[in-house]
Every structure is written in structure tokens, then in C-alpha cells.
Amino acid sequence: MDRLRSELRSYYHVHRDENPEAYDKAREICRAMDEFDEQNPGLSPYLLKATLHETIAERFVPAIFPHSPFYWEMGTKPGRSWGVPNGQNPAGGWMFLHRNHLFRERSWANDRIRELREKLVISMSYGLYPDTDHHCFPCSRVVEDGLRSLYEQAQAVEPECATQDEADFITSVKRSLLATKTVAEKFAAEAQRLLPTAEDEQAEKFLGMIAQTARRVPWEPAQSLYEGLAALWFLREVCGSLEGIGVSVIGHPDRLLYGLYRTDLDSGRLTQEEALDLICRFLLPTDHKKDFTVSDGYNPWETSTTLVLGGCDAEGKEVCNDLTFLFLRAHEQCGLINPKLNCRYSARSRPEYLGEINRQILAGRNVFALFNDDCLIEAQVRAGKRLEDARLYVAGGCHEPILEGFEHSAGTNCYVNLPRILDLSIHRHPELQDDLAQIGLPLRKLDEAREAEDVYDIAFHNLLATIVQGTGMIEHNGKAWSSVNPAPLFSAALRDCIANRKDYTAGGGRYNPTALPLVGFANLVDSLHVVRHLCFETGKYDLHDFLEVVRANWEGHEALRREVIALPKYGDNLPEINALTKRLSDDLFHHTRGLRNERGGSFQLCYFVYIEYMHWGRKTFATPDGRRNGDLLSLGISPSRLHRIDSITSAIGSAASVDMRQCAANAILDLQLPLGHLNPDVLMALERTFVAEGLATLQMNCVDLEALREARRHPELHQDLLVRVCGFSAHYVNLPEWMQDELLERNLYAMA
């Protein structure tokens, strides 16, 4: 294992973003495609993409690590890239980078509004109009049936094509599948070439495995645990290199591969310890593909790589087996942060499954997110999806649900900053008037309110106007997606695309949703409650005078701010505030469920946030809940940090007032808990309560605050201290000071 670590470090140290020589082959591919495009103007985007796949397959040089039995590294993008079509992936992203002007050209006015909304931190997208990240390759069909079966299906439907677009799509599918076959065969040939140079028996064994297996997997079905793992890793990495889309999920292996594992054991081909070794080598590259040193960059700790464990199969039978525990053991044994462990569970989950997760959490391994099947599966069904499909959800990027094999759920492309919209409903912002006029949002000021109900109506009107405008731009400009960057390899494996003779970017998948993440929910609920209570129910303050205090950033009114912060808030589990919470979340659901995206699919409500709760908070002005200019925003459906709450059951009770069966795209409760003051029974009781209350996803950060402070003083002594920041984990000492401070300032919930 140490030899493999050394090989990975050596290769990826050279193959980093800042090393231009690492891009030589990618630049060669791009030059070839530039010439081809010049010589073939007006070519169908599907045929252009197929040509890109063939060009990459022909010209890439495989990189093989002799002490790994897996094959994946094409060398056309740096290690930190998981496929997103940007400058880090110039070859796979060539078509997107070459043609993304088509999005803007559908409406230059929309594009200018999108830029201004992002500049003013009203909303944000990760990939212009469609979400080019957060994919899960539809691996189940390929592992079970092989790429050959998809090729044969495409051949069978070819005579049914009714339009040139359909014919071009099916042709591109066939050519891209054959190009992928060529990629695997080149790995086999390279391994065969390297065999005489093997330094030891293990390297000789692994090179021989690659030479034999890559000739047939993933073209043919996997026939062993090793071949299944090889297919998962190959499909994730190679799809990113060929398609120019970010592939986050590396599979749900304890569901998908358990039968192969049992066959291996029963036949004597494999022992449990050999399986553990394979799994370790499967997991190890993720952390080694990046340098996780201290950085103030946007997300230098992120690999966007998730592994899903537990849950159930399509028939609803629990997935909890030897492979589940082997993956948990391997992740811990290798000391990994990534891939992120997204663990599904339910009211029926076995105590030993949660017990193993909790043992690791109590050992300081803050690398888990826990997904409540009882809530999330029903949420998918309510969103119009078949029950048997909904049971196969995974979670990628951070924690975005995706029905593996059936959809790309576009998990994070329509973030909306709720407190900023409230800010713009209060503050005058003379410096922003030109930009706001160009955006053209019909925002009303809260000063117009004459009674309590007016406050809610004005705020909700402004929220809905902002959401409708943003989703409308995605729907209109995003329709260029299939012309910008179709994905015939990905679409071939996604159910219904071949049958529909339509790429997933054009709506060919069975389901075509987009997530609608709403940020700062607790700040909004608290602000509405404070205004209603102080300015109308008690009449203690005149509305205009109170809003002037907020506009002044509370300066000179510290006593009033303390009074506001001390008022009951979201998180106190009080009937009046819970009723407001439920009303707001219900209204948001009912008024957004009819919105449609660029593929004809729906927008799915969710409550979570990445590190924008910090970046956006700095640019969002004071709000009536007591936030000052620049204070951080609340996380997911967690209470605001302004109002310290000791009772964790109270926080859960407030969150439960949101009907999370309306949140098909998830809702995250982030809790910071006192490490050293917990025991396994209490932690399991918390998880069971979470399920019983109907919540969606739980992220716990179990920490010893004194240990964090000590790590600040002596980082060299605490290199392995792990923390959960939001949708990712990191070594505490590798975070910049401002992020370390943020973790120290979070509410620490008491545990009985």
C-alpha cells in the first residue's frame, strides 16, 4: 500500500493544475479538434462530440500505477479535476469551452441579468445555465450488462429514428461506446507492455490483472468483485475525461457488487482480507489526486467524490452486508477524508450498521453524512418518480440525491440567497441602483406593510419573483445544452435515452429535475417572526423606525439588538414559530413545483448550502433577526448561530416543521456536537429520533473545542484532526484561519 501511495504522489505531484507540461497531450487533442471543426463547419453537435471521443481515445497515453489493479488515468486532466468542463479539463471540456457562447446567445439580456444576480449574491449557478457537475455515471447497467449491451440496444433502435437529430444521436452513442472500448483496450496494452518491468510480485500480479481485464471490462459485464470495482472506477474517471461533465459518485458498491463478492468467496477465488486490500486500493486514489495544504482558494479541499453505502435495493430490501463493513473499515484503515461517505439508513437499519458508523464518529472521523431513506424515498415518489427507481438514489457532489441510472438531478445550479432578498427588501443600496434596475426584479420594500400579514406577503412576493426569474433564465438559455455539450456515453447508460433516441441534455432521461437550493432559511424565518412580534403583535416598535435601525446595521442600538437575539427563534420548537416555518416552506413548495427547467423537468426544493454561507454572508447586509452586515448565514435547516440553543431535540423539533417529503433535492441539518461527552447509545438515539421526526439528511461534526484551539497553537501536533465543514470534510490545520474561527464559533449542542 505504501508503494501505491508513493506512485500516486509522484504522478499527481507532476500532474497538477499549475504544471503546464501536464497539459501537453490535452493541448494536442484540442488542436486536432480545432482543425477538424474548421474543416467541418455546421456538423451536428452529436457527431462532433463522437469525434472528440475518438480523438481522445486515439491520442491519450495511459498512466498505470503498478501497485494498483485498477486503470483509469488518461492524463488529459489534472488529478484534482473530476471532469467539470473548465480549464482543468481542456480536452474533455473542449466542446463545452468551444461552444458555451450558445447559452448566452439564446438571450444576451438573460445572461447579463444572470451575471448581475451573481455579482450581487442574489443567486448562483455552478455551470452557467445547466449543471455540468454533480453527476453519477449510470454504472449499474454497465456493471451488470456491459457496454456491449448498450451498443446492441442502439443498433436495434437505429431503424426507428424519425429525424436527423435522432439518427445523429444514436450514431454518436455507438461511436462513443466504441471509443470507450478503445480506451480500456489501450490500458490493457499498456499494462502488457509494462509487465516485463514489474519490480516485484505484487506489481506483476496487478499488471497482469489489468492486461487481462481491461480488454473486456467494462465492454462485457463484471464477473468478480475486482472487475466490478474496476468498472466503477474506470467509468467515473473516464467519463469525466471524455464527456467534460463532473462525475461525483463512484457508486453504491455494497448494493451493486455484493453478489459478485459472495460468488468470489464461495468459489474460493477471494478471501475477505484480499477483498479488503482491493477496496483499500480502490479508495486510495481520491485523497492522493489532490494537495490538501492550507489555501484560501474557493474549495481546495474538495474532490466532489462520494461513495454511497447502506439503504435498500429496488425491492426495498435492506442493504447491509459484509461489503458495507469492509468499505467502512477500509476508509478508516487508510485514514481517508475522501471519498465522502454518504450513508443511507432508516428506522429498520441494523444497530450494528449505525454502531460501526458511530464508533468512527466518536473516534473523531467527521467524514459522514446520514441520509434518511424513509423521508428521501417518499420525497422522490411525491416528485413523480417510480418507487422502485426512487429506492436506488445515491448522493453526489456533497449530498445531492440522484436516482442512479435514471436521471441527472442538476443538484446545485440554482442557489438562492434568501437573506439577501430580505436585505434588498429593507436596505436602500443607492450604490446598487443601476445594477438592480438592469436586473429588473419587482422588489417591494417592507416599509409598505400596514399590518403583520403584509410583511409576510411582501417578503414572499420578493422571494418568488427572484426565484421565478432565475428559473426562467435556466429554462430559456439552458435549452442550448444539447448543442453545447451533448454526452452520448453518459446518455447511453442512462435509462430511456436510447429508447427515446434523445441525449440526456435534451431531456432524454426518465426524469429530468433541477434542484432549487434555498440558503439562509433560519435567518428568514427569524426575521419575519421578529418583525411580526415587535412591530405588530406587541406594537413595541414602529415598523419604519425598526427598519431604520436594521439599515443602520444596529449601530447605536445594541440593547435592541440584544433584545431581538433573545427573542424565541427557529430552533426553540415553539408552536407559533413552527407554524410560520411550515407556512413558509409549504408556500415555497407549492409556488415552485410548477416551474420547468431546460429539459422539461421540474425544480426540486431543497435546503442546503456549500461554503456560500460564509462568502454570501460577508456581502449580505443586516437583517431583522439581529445579523449585522457581513455576518454568516445559517446552514441548511439548522438554527441561526445568533441564537444559541442547548437542546438538540428542540432543534430537531423545529426542523421537523418543514415537510421534507417536499424536498426531493434534500434538506440538511448540520449539528456540532461535543466529542468526549457522547456515547454510542446516545448517538444512535439521536439518529433514530432524526428518522422518526421525518428529517432528510444529518451532518454531524463531533469536536472537542479545546482540541481545536490547541491545534491552532500547535498545528504540527494535530495533523490528523478531522472536521466536517459543510458538504465536505478537511483536516482542521489545513483550513485558513477564518474557516477555523467559524468552526470554533458554531453552536455546540448539549447531549444528555
Side-chain angles (χ1 to χ4, degrees), residues 122 416-429 441-467 518-588 591 617 620-634 637 639-643 645 654 657-658:
I122 293 170
V416 178
N417 184 350
L418 303 180
R420 179 60 159 176
I421 301 166
L422 193 61
D423 155 7
L424 295 172
S425 307
I426 297 171
H427 295 271
R428 298 187 178 94
H429 290 300
L441 280 173
L443 299 183
R444 299 166 58 192
K445 292 295 184 184
L446 286 188
D447 303 70
E448 298 174 21
R450 295 295 175 262
E451 53 188 44
E453 191 63 18
D454 294 343
V455 174
Y456 183 92
D457 289 345
I458 291 168
F460 192 81
H461 166 272
N462 292 348
L463 294 176
L464 189 59
T466 305
I467 290 169
L518 304 181
V519 179
F521 183 68
N523 297 124
L524 176 60
V525 172
D526 290 348
S527 294
L528 293 176
H529 171 68
V530 165
V531 173
R532 182 178 67 184
H533 180 73
L534 290 182
C535 301
F536 294 97
E537 292 176 347
T538 66
K540 191 172 182 180
Y541 299 97
D542 174 76
L543 174 64
H544 178 76
D545 293 343
F546 181 79
L547 294 177
E548 285 297 325
V549 171
V550 177
R551 291 180 185 118
N553 194 27
W554 304 95
E555 291 178 9
H557 300 276
E558 190 56 37
L560 174 55
R561 182 170 180 267
R562 286 196 298 270
E563 180 184 353
V564 165
I565 291 173
L567 286 174
K569 298 285 197 318
Y570 173 86
D572 287 323
N573 198 24
L574 296 175
E576 181 183 8
I577 303 173
N578 287 356
L580 174 61
T581 301
K582 176 173 172 51
R583 178 188 181 188
L584 180 60
S585 59
D586 284 352
D587 283 348
L588 285 165
H591 284 83
T620 299
F621 278 45
T623 43
D625 58 338
R627 275 189 65 262
R628 292 192 178 100
N629 295 350
D631 283 353
L632 303 187
L633 307 182
S634 60
I637 52 164
S640 162
R641 69 188 63 224
L642 288 172
H643 186 62
I645 300 166
S654 280
S657 59
V658 177

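Judged as a side-chain hydrogen bond (donor to acceptor under 3.5 Å, both in side chains), and not counting sequence neighbours, H427 has no contacts. Residues passing the ring pair (Phe, Tyr, Trp, His ring centres under 6.0 Å) test with Y570: none are found, sequence neighbours excluded. Residues forming a salt bridge (charged side-chain N to carboxylate O under 4.0 Å, His left out) with D447 (at least two apart in sequence, or on another chain): R551.
Here the shortest heavy-atom pairing between I645 and P639 reads CD1-CB, 3.7 Å. Summarising the geometry of A449 relative to F536, their closest heavy-atom pair is CB-CZ, 4.4 Å, with the distance given to 0.1 Å. Taking each heavy atom of A459 and L446 in turn, the nearest pair found is N-CD2, 4.2 Å. Annotation for L642 and R627: closest pair CD1-N, 3.4 Å, computed over non-hydrogen atoms.
Interatomic distance, L463 CG to D587 CG, rounded to the nearest 0.5 Å: 10.5 Å. Note that the CZ atom of F460 and the CZ atom of R444 stand 13.0 Å from one another [nearest 0.5 Å]. From H557, atom NE2 reaches atom OH of Y541 across 10.0 Å, with rounding to the nearest 0.5 Å. The distance from atom CD1 of I122 to atom CG of L443, rounded to the nearest 0.5 Å, is 7.0 Å. Note that OG of S654 is 4.5 Å distant from CG of N578, once rounded to the nearest 0.5 Å. L422 CG to I426 CD1: the interatomic distance, rounded to the nearest 0.5 Å, is 4.0 Å.
Looking only at side-chain heavy atoms (C-beta outward), N523 and D631 stay at 4.5 Å or farther from each other. By the 4.5 Å heavy-atom criterion applied to side chains, V550 and F621 are not counted as neighbours. In this structure, L524 and I421 have side chains that are not in contact, with every pair of non-hydrogen atoms separated by 4.5 Å or more. Between I577 and T581 there is a side-chain heavy-atom pair separated by less than 4.5 Å. Residues V455 and R532 have side chains not in contact (no heavy-atom distance under 4.5 Å, counting atoms from C-beta outward). When side chains are defined from C-beta on, L518 counts as touching I467, because their heavy atoms get closer than 4.5 Å.
With hydrogens and angles disregarded, a donor-acceptor distance shorter than 3.5 Å links the side chain of K445 to the backbone of L424. Panel note: side chain H533, backbone H529; no donor-acceptor pair is recorded below 3.5 Å. Between the R628 side chain and the N553 main chain, no donor and acceptor come within less than 3.5 Å of each other. D454 places a side-chain N or O within donor-acceptor distance of the main-chain N or O of R450, the cut-off being under 3.5 Å. A distance-only check finds no donor-acceptor pair linking the side chain of W554 to the backbone of P624 [under 3.5 Å]. Side-chain N or O atoms of K569 include one that pairs as donor or acceptor with a backbone N or O of V564 at under 3.5 Å.
Salt-bridge annotation for E548 and R428: present, with a side-chain N of the basic residue lying under 4.0 Å from a carboxylate O of the acidic one. We find that D423 and R420 are joined by a salt bridge, their nearest charged nitrogen and carboxylate oxygen being less than 4.0 Å apart.
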Exercise. Going through the distances and angles, do N462 and S425 end up as a side chain to side chain donor-acceptor pair (under 3.5 Å)?
Worked result: CA-CA 8 Å; N462 292 348; S425 307; 2.8 Å; yes
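For the residue pair S640 / D625, no side-chain donor-acceptor distance below 3.5 Å is found, with atom types taken as modelled.
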